[in-house]
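Here's the structure we're looking at; comments come further down.
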Amino acid sequence: MKTVAISILGTTMDRRGRGEKRWDKWRPTVSMCQHDDLLIDRLELLFDNHSLSLAEQVKEDIARVSPETEVVFHRVNFSDPWDFESVYSQLLDFVRAYSFKPGKENYLTHITTGTHVAQICLYLLTEAGYLPGKLLQTSPANRNSNLPGQYQIIDLDLSKYDQIASRFQKEHHEGTTYLKGGIETNNPAFNTMIEQLEKVSVRSNESILITGPTGAGKSQLAQRVYELRKQRGKLSGRLVSVNCATLRGENAMSALFGHKKGAFTGATTDRPGLLREANQGMLFLDEIGELGLDEQAMLLRAIEDKRFMPFGSDKEVTSDFQLIAGTNRDLNRLSSEGAFREDLLARIDLWTYQLPSLKERIEDLEPNIDYELEVFSGKSGYLVSFNKAARDKYLAFSRSSEALWSANFRDLNASITRMATLSDGGRITVDVVEEEISRLRRKWKPDSSSGWQSIKVISEVMDTDAINQMDYFDQLKLAHLIEVCRQSGSMAEAGRTLFNVSREEKKSNNDSHRVKQLLAKYGLSFGEL
């Protein structure tokens, strides 16, 4: 097969020396054809209208050192040799018009001559496959040598470079291990999800949506994505986290977007807001489904334009942040009900990852137990472990139908912490395990006369942090409201049950509206119950 080189004439380096003295200088285009072990059958030489005489001189000199080499001229006039777009476009036009014969010819793209912009464009065209073949890099010999210099042929097919491919694979494995907190997990679906999330974390700055039940590990995963991106130089700022369930009314606007002094009663100073604090970093909005529609609208613009208006201000501010959103609610359903903006959902769910519950990945229970023991040992300063009988008993119960793991990994963390704390001499015994199993049974099967049943009802529709901020009396009222709504076929029916006395005193009854208002107070809707 013939070897064909494609090269841009070097208007500076190929012009070195006058008369016979030019042979004392290293000229990349001529020297390329002087190597005994590199025969160039044809040289496709690109140059502009001002360099014809130099091109003819180079062609003549190549004929002296390598009579076998045919030199073919191509006129390529760069309107601006330092403008990437114009240089790339003109080189692409040349490539598309050229008749390549890959089955009969081998191609080398010479990237030593031309401007740096042209060299980069030739590299990109070769990498993309527009220029088939390999790269050719030439360089001069030692100062006192008359040799034609050195050359290197570079194949951009990275699959042929085992060490590079191995390094890429190693970095990918390290990234996925980091996202899993160093825990060797066995659930195939979870592992596949984390492997893709690692690629997205290091290759994209776009928003990520993490869904899943409370306690599945959304906050921890967001923290690890942030740390991984920071390690790879994707961001330089800090991680700013907030649970949107804690934001209501003016407090939500102020907390997220900041406010000006005097914007409302109690606003005695300016406040930058969480979005500005996350500039050049990452913002984690946990339970984003709890945000009000006004905040959602402002957030959408802040994500798209990196601009927003602080509460009480007449001037926009900017913040270049990356976003991770978390939720345990069905945002698609909320969107269809009008409780969550459809355009915001479309913007944040480019990359959506559903974290499974602990019950759904029960095969990962044992390594997570070991992880929790390791964390406790690190905090306490002494090693804690199970004896064999105790471990077997705990694992058997943990995998049984009795073990609900309703709070997922939070339940597991609390359980291990209790047993490790009560262990004598750093050994968790059967007695400690049996006591813990009894405690978990009571927790997951509470007596209805206690307040635990109310909390269980509420936890099905509301985040734990939001529940903890409610008075016990309000928890009981909300639990009863939810139960009545679930037992009713419509809001009107629920209203008749709830307002059976007061409705008789009103001239016109709008029971549905009263129920809707009550639910809205807690960020709920009748349809989602």
Side-chain angles (χ1 to χ4, degrees), residues 177 180-187 190-191 212-221 223-224 328 355-460 462-465 467-468 472 475-476 479:
T177 299
K180 292 190 288 186
I183 304 171
E184 286 299 326
T185 55
N186 303 309
N187 183 277
F190 180 77
N191 287 338
T214 299
K218 296 187 290 292
S219 298
Q220 293 87 340
L221 186 56
Q223 173 76 38
R224 290 165 188 158
N328 63 3
L355 283 186
S357 66
L358 178 54
K359 289 286 284 186
E360 291 173 322
R361 45 182 291 219
I362 201 66
E363 61 267 55
D364 291 334
L365 175 70
E366 194 163 3
N368 275 279
I369 289 174
D370 294 333
Y371 171 77
E372 296 293 349
L373 284 172
E374 184 180 338
V375 170
F376 181 89
S377 297
K379 291 179 179 179
S380 64
Y382 58 89
L383 186 65
V384 179
S385 62
F386 286 89
N387 65 37
K388 187 178 184 307
R391 186 182 183 92
D392 291 344
K393 190 174 188 67
Y394 187 74
L395 285 173
F397 170 77
S398 298
R399 292 167 176 158
S400 71
S401 58
E402 285 188 276
L404 301 183
W405 299 117
S406 53
N408 295 291
F409 292 94
R410 289 178 183 169
D411 272 347
L412 181 62
N413 169 267
S415 178
I416 297 298
T417 299
R418 286 191 292 264
M419 290 188 294
T421 302
L422 296 174
S423 64
D424 293 328
R427 296 291 285 175
I428 300 175
T429 63
V430 170
D431 290 341
V432 173
V433 167
E434 287 178 344
E435 181 183 353
E436 177 61 20
I437 290 174
S438 297
R439 184 183 292 109
L440 291 173
R441 281 175 173 152
R442 290 194 302 272
K443 170 183 170 63
W444 291 327
K445 293 183 179 179
D447 184 273
S448 59
S449 63
S450 72
W452 288 104
Q453 187 63 35
S454 298
I455 294 176
K456 183 178 184 297
V457 171
I458 300 172
S459 66
E460 295 173 358
M462 183 173 288
D463 182 77
T464 304
D465 293 333
I467 296 173
N468 292 337
Y472 180 62
Q475 292 175 7
L476 293 176

Say whether, by atom type as modelled, one donor and one acceptor occur between the side chain of Lys359 and the main chain of Ala403 under 3.5 angstrom.
yes
Using the side-chain contact (heavy atoms from CB on, under 4.5 Å) rule, take Lys180 and Phe190 through it: C-alpha gap first, then chi angles, then the decisive distance, then the call.
CA-CA 10 Å; Lys180 292 190 288 186; Phe190 180 77; 4.0 Å; yes
Hey, mind stepping through Arg399 and Glu366 against side-chain contact (heavy atoms from CB on, under 4.5 Å) and telling me if it holds?
CA-CA 10 Å; Arg399 292 167 176 158; Glu366 194 163 3; 3.3 Å; yes
Lys393, NZ: over 12 other non-hydrogen atoms inside 6.0 angstrom
no
Are the side chains of Asn187 and Asn191 in contact, using a 4.5 Å heavy-atom criterion?
no
Working to the nearest 0.5 angstrom, can you tell me the gap between Asp392 CG and Asn387 CG?
9.0 Å
OG1-CG distance between Thr417 and Leu412, expressed to the nearest 0.5 angstrom:
9.0 Å
Identify the two heavy atoms, one from Pro356 and one from Arg361, that lie closest to each other, and give their separation to 0.1 Å.
CG-CD, 3.6 Å
Asp411 side chain near Leu358 side chain, heavy-atom distance below 4.5 Å
no
Are Tyr394 and Met419 packed together at the side-chain level, in the sense that at least one heavy-atom pair is separated by less than 4.5 angstrom?
yes
Looking at every non-hydrogen atom in both residues, tell me the closest pair between Ala216 and Phe409 and how far apart they are.
O-CD1, 3.7 Å
Any side chain to side chain donor-acceptor pair (under 3.5 Å) pairs touching residues 430-439, not counting sequence neighbours?
Ser415-Glu436, Arg418-Glu436, Glu435-Arg439, Glu436-Arg439
Closest contact, heavy atoms only, Leu355 versus Gly217:
CD1-C, 3.6 Å
Side chains of Val375 and Ile416: does their closest heavy-atom pair fall under 4.5 Å?
no
Any Ile362 side-chain heavy atom under 4.5 Å of Trp405 side chain
yes
Any heavy-atom pair between the side chains of Lys443 and Leu404 that's under 4.5 Å?
no
For the side chain of Lys218 and the backbone of Pro213, is there at least one donor-acceptor N/O pair under 3.5 Å apart?
yes
Can you check whether Ser357's main-chain N or O pairs, donor with acceptor, with Asn408's side chain at less than 3.5 Å?
no
Does any part of the side chain of Phe376, heavy atoms only, come nearer than 4.5 Å to the side chain of Tyr371, both counted from C-beta?
no
Looking at every heavy atom in both Ser398 and Leu365, which two are closest together, and how far apart are they?
CB-CD2, 3.2 Å
Tell me, which pairs form a salt bridge (Lys or Arg N to Asp or Glu O under 4.0 Å) where one or both residues lie in residues 367-383, sequence neighbours left out?
Asp370-Arg391
Say whether, by atom type as modelled, one donor and one acceptor occur between the side chain of Arg427 and the main chain of Phe386 under 3.5 angstrom.
yes
Working for side-chain contact (heavy atoms from CB on, under 4.5 Å), residues Phe397 and Val433:
CA-CA 10 Å; Phe397 170 77; Val433 167; over 6 Å; no
Could you tell me whether a side-chain N or O of Ser377 sits under 3.5 Å from a main-chain N or O of Val384, the two making a donor and an acceptor?
yes
Selection residues 419-443 - residue pairs positive for ring-ring contact (aromatic ring centres under 6.0 Å, His included), sequence neighbours left out
none
Does a donor on one side chain sit under 3.5 Å from an acceptor on the other, for Asp364 and Thr185?
no
